[in-house]
Amino acid sequence: MKLERLIGILAILLQREKVTAPELAACFEVSPRTIRRDIAALCQAGIPLTTTQGAGGGISIMEGYRVDRTLLTTAEMQAILAGLRSLDSVSGTRRYAQLMEKLSAGSGTLVPGGAHTLIDLAAWNRTALAPKFEAIQGAIEDHRTLTFAYFSPKGISQREAEPCYLVFHWSAWYLWAWCRQRQDYRLFKLNRMTDLAVGGAFSPRQAPLPDLDAARVFPPACPVTVLIHPRYQWRLVEEFGADSFTLAPDGRLRFVGAFPDEDGLLSWLLTFGEGAELVEPAALRARLRQLGETLAQKYRDAEEA
């Protein structure tokens, strides 16, 4: 894809004094004409490149341009390449691994074997996510709309959207897009999207970056106090941090926090089974007791049937 190819061309020019268009075309498996367009795009982005004709000619960064060719150390370049290759874990392709191999060409220090950071951004349902990721990425680059069914706590809705960004946050992938139904920008979780289809072309907007502040997206509207059995200490540390609880007199862990809504809190509490006791708020404690009685009755009725 164009962005990855531009990064690759720039990386090669930083490593080599001069390179020809046919060499770059062969490296990235495109035509020399495409390479010439890429060089023009890099120049428009403010990278002063020069092209010389004849024997010994080629493309190079303009003499005197203040680019430190060691600006990116080997370790920093490996970190960038590890990030690029991690996208293969989502798309199910080797596109970014191949880009990394091309960037490593001619340099013995950038080979994959020298990396010590591995990043896997795939979801549990890898096979369902990969085609969505590829389709959305293509739609963003080609400025084409997306239609899909979206599942949310409010129900199922049909959406048509103008895609802007793919976002990885809160351990999941999201689409930031202009929703034509809501006439506003929305964040859609990829795992909640089905029947995804690419539609017609649209004129791209000047899209703002999504505000991913957790307190804004998931406002802490439901403060709680919970006593949790010590065997679940690892969960509190993992989910909320080591300073999220104190030791209660009876040896249990006293957790004080807040959740966006009561349903989310109840779902979280039930994952502890009998290992958690809700202390406050009192109204929610009563609701939880009623839920327990309802569940107990349901299973008694099933056994008696």
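None of these values were measured; they are calculated from a predicted model.
- Side chains of Q297 and R300: a donor-acceptor N/O pair is present below 3.5 angstrom, by distance only.
- Looking at L166 and L190, their side chains come closer than 4.5 Å, going by heavy atoms from C-beta outward.
- V256 and F272 fall into different hydrophobic clusters, where Ile, Leu, Val, Met, Phe, Trp and Tyr side chains are chained together by heavy-atom contacts under 4.5 Å.
- When all heavy atoms of P230 and G251 are compared, the pair lying nearest together is CG-O, 3.2 Å.
- E160 places no side-chain N or O within 3.5 Å of a backbone atom of Q181 that could act as its donor or acceptor partner.
- The list of ring-ring contact (aromatic ring centres under 6.0 Å, His included) pairs with a residue in residues 189-228, not counting sequence neighbours, reads W170-F218.
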**Item:** R205 and Y185: CA distance, side-chain angles, deciding distance, side-chain contact (heavy atoms from CB on, under 4.5 Å) verdict
**Value:** CA-CA 11 Å; R205 305 168 185 267; Y185 289 96; 3.5 Å; yes

**Request:** In sequence, state the C-alpha distance, the side-chain angles, and the governing distance for L187 and L175, and then conclude on side-chain contact (heavy atoms from CB on, under 4.5 Å).
**Result:** CA-CA 6 Å; L187 201 62; L175 167 67; over 6 Å; no

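- Nearest heavy-atom pair across W178 and C164 is N-SG, 4.3 Å.
- Smallest separation of non-hydrogen atoms from A161 and A177: CB-CB, 3.8 Å.
- Going from atom CG of L253 over to atom CD1 of I228 covers 7.0 Å, rounded to the nearest 0.5 Å.
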**Request:** Applying side-chain contact (heavy atoms from CB on, under 4.5 Å), run through L265 and W268 and close with a yes or a no.
**Result:** CA-CA 5 Å; L265 168 61; W268 180 74; 4.0 Å; yes

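- For L270, the side chain to side chain contact (heavy atoms under 4.5 Å, CB included) partners are L288, L291, not counting sequence neighbours.
- Between D184 and R182 there is no salt bridge, since none of the side-chain N atoms of the basic residue sits less than 4.0 Å from a carboxylate O of the acidic one.
- Taking all atoms of both residues into account, the shortest heavy-atom contact from T52 to G57 is OG1-CA, 3.2 Å.
- For the atom pair CD1 of I9 and CD1 of I39, the computed distance is 5.0 Å after rounding to the nearest 0.5 Å.
- At least one donor-acceptor pair under 3.5 Å links the side chain of R216 to the backbone N or O of D211.
- Although no hydrogens or angles enter the test, the distance criterion places no donor-acceptor pair under 3.5 Å between the side chain of Y165 and the main chain of I140.
- Closest approach of S152 and R192 over heavy atoms only: CA-NH1, 4.3 Å.
- Atom CG in D142 sits 10.5 Å away from atom CD in Q137 (nearest 0.5 Å).
- The side-chain heavy atoms of L284 and C222, taken from C-beta on, include a pair separated by under 4.5 Å.
- Under a 3.5 Å cut-off, the side chain of T145 and the backbone N or O of E162 do not form any donor-acceptor pair.
- Using a 4.5 Å heavy-atom threshold, the side chains of F245 and V226 count as separate.
- Taking 4.0 Å as the cut-off between side-chain N and carboxylate O, R254 and E280 do not count as a salt-bridged pair.
- Residue F168 is grouped with residue L196 when hydrophobic side chains (ILVMFWY) are merged at heavy-atom distances under 4.5 angstrom, including chains of intermediate members.
- When only modelled atom types and interatomic distance are considered, T271 and R235 share a side-chain donor-acceptor pair under 3.5 Å.
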**Request:** Apply side-chain contact (heavy atoms from CB on, under 4.5 Å) to the pair F151 and M193, showing each step before the final yes or no.
**Result:** CA-CA 7 Å; F151 293 73; M193 299 165 62; over 6 Å; no

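- Atoms OG1 and CZ, from T294 and R289 in turn, are 11.0 Å apart once rounded to the nearest 0.5 Å.
- By the side chain to side chain contact (heavy atoms under 4.5 Å, CB included) test, R285 is found to be paired with E277, L278, residues two or more places apart in sequence or in another chain being considered.
- Checking side-chain atoms of E239 against main-chain N and O of L236 turns up no donor-acceptor pair under 3.5 Å.
- Counting heavy atoms from C-beta outward, V198 and L146 have side chains that approach closer than 4.5 Å.
- Rounded to the nearest 0.5 angstrom, Y150 OH and D195 CG are separated by 14.5 Å.
- Separation of atoms CG (L42) and CD1 (I61) is listed at 9.5 Å; rounding is to 0.5 Å.
- Each of L227 and L269 belongs to its own hydrophobic cluster when Ile, Leu, Val, Met, Phe, Trp and Tyr are linked at side-chain heavy-atom distances under 4.5 angstrom.
- The aromatic rings of F240 and F255 sit tilted, their planes meeting at an angle between 30° and 60°.
- Across F188 and C179, no two heavy atoms sit closer than the pair CZ-CB, 4.0 Å.
- Hydrophobic cluster membership is shared by L212 and L209, with clusters built from Ile, Leu, Val, Met, Phe, Trp and Tyr side chains linked at under 4.5 angstrom.
- Proximity of I59 to T50: side-chain heavy atoms (C-beta onward) are nowhere separated by under 4.5 Å.
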